[in-house]
Every structure is written in C-alpha cells, then in structure tokens.
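Structure, as structure tokens:
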Amino acid sequence: MNGGGRKDPPGAADASLVSLQDLRSKLQEFARVRDWDQFHSPRNLLLALVGEVGELSEIFQWKGEVQRGLPDWNEAEKEHLGEELSDVLLYLVRLADVCGVDLGQAALSKLKKNAVKYPVEKCKSQSTNAQ
C-alpha cells in the first residue's frame with residue numbers, strides 16, 4: 001500500500017526508488033522471454049521512441065500552456081500522461097542498453113557539461129543561451 005491508501009500492483013513496491021539499472025534488467029528479461037531481441041535494433045528502438053514521443057505530444061497538442069502539477073486535469077488524463085511518459089522512458093532505457101550506453105552516467109556527465117556551459121552567474125532567470 002502506498003500513502004494514499006490504494007493498493008499498488010504486484011512488484012510496484014518502492015516504485016519511486018526504481019533505478020535505471022532495474023528498468024534495464026526488467027526490459028532485457030521482458031524482451032528475452034518474448035524473443036524480441038531480434039527486433040530491438042538501435043534503429044527500430046529509436047523509431048519506436050520517436051513514435052511514443054509523438055503520442056506524448058498529442059496529449060498536450062490542443063491544451064495550450066498548462067500549470068505545474070496539472071491541477072485542471074482529471075485522473076484519467078493524468079494516468080494517460082503517466083503511461084505515455086513511461087513508454088518514452090522505457091524505450092529510451094532499452095535503446096541506451098542496446099547501444100551500450102550507461103544512461104545514468106551519460107546523464108550525470110551531461111549535467112556537469114551543462115553546468116559549465118550555463119554558469120549560474122550568467123544564466124540565472126534567463127531563458128536565452130548565456131554563450
């Protein structure tokens with residue numbers, strides 16, 4: 001059970017603590033038992049990822065700007081958003097794995113590079129590129 005009183009699905013305990021490695025392992029097993037590795041080339045996974053990003057974009061397409069936390073959205077809309085965000089994440093993790101990229105390390109490295117590229121003193125409260 002989570003703090004909200006609803007029962008989580010099996011295997012969802014501590015879902016907020018799931019690591020990229022956990023997802024990678026689960027995706028490897030998911031594909032392996034279905035014999036899908038043969039279809040999971042980098043190109044195919046990228047195209048599937050792009051398709052999912054398109055589906056995610058459709059959710060926002062005609063809504064205009066939305067407030068943080070989506071206070072005007074109903075639960076079904078929020079659930080749909082979560083599903084599409086999950087699809088994007090899962091394909092991204094799978095693509096990184098198939099390409100041999102440690103996504104967590106790559107993301108941390110990119111954050112360090114961005115900190116140098118966009119120093120606080122030049123970028124704070126600005127939406128334009130500091131360089």
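A distance of 12.0 Å separates CD of Q28 from NE2 of H40, quoted to the nearest 0.5 Å. The structure places CD1 of I59 at 8.5 Å from CD of E83, a figure rounded to the nearest 0.5 Å. Atom NZ of K63 and atom CG of L70 lie 9.0 Å apart (nearest 0.5 Å). The distance from atom CG of L56 to atom CD of Q61, rounded to the nearest 0.5 Å, is 12.0 Å. For the atom pair CG of L95 and CZ of R43, the computed distance is 12.5 Å after rounding to the nearest 0.5 Å.
The pair E29-K26 fails the salt-bridge criterion, with no side-chain N (NZ, NE, NH1 or NH2) lying under 4.0 Å from an Asp/Glu carboxylate O. Between R94 and D37, at least one side-chain nitrogen of the basic residue sits less than 4.0 Å from a carboxylate oxygen of the acidic one, meeting the salt-bridge criterion.
Contact check for S41 versus V98: no side-chain heavy atoms found under the 4.5 Å cut-off. Side-chain contact between L92 and L49 is present, with at least one heavy-atom pair separated by less than 4.5 Å. The shortest side-chain heavy-atom distance between V18 and L23 falls under the 4.5 Å cut-off.
V50 and V101 are assigned to two separate hydrophobic clusters, defined by single-linkage of ILVMFWY side chains at heavy-atom distances under 4.5 Å. Taking hydrophobic clusters as Ile, Leu, Val, Met, Phe, Trp and Tyr residues chained together by side-chain heavy-atom distances below 4.5 Å, L89 shares a cluster with L103.
Annotation for K110: atom NZ does not count as buried by contact number, only 12 or fewer foreign heavy atoms lying within 6.0 Å. Heavy-atom contacts from other residues, nucleotides or ligands closer than 6.0 Å to CD of E121 number more than 12.
What you find for S19 and D22 is that their closest heavy atoms are OG-N, 2.9 Å.
A donor-acceptor contact shorter than 3.5 Å is absent between the side chain of E84 and the backbone of L81. Side chain of D97 to backbone of R24: no donor-acceptor contact under 3.5 angstrom is found.
Donor-acceptor pairing under 3.5 Å is recorded for the side chains of Q21 and S25.
Among V88, L27, L45, the one residue that satisfies the side-chain contact (heavy atoms from CB on, under 4.5 Å) test with V93 is L27.
Figure legend: cation-pi geometry between R34 and F30, with NZ or CZ positioned under 6.0 Å from the six-membered ring centre and within 45° of its axis.
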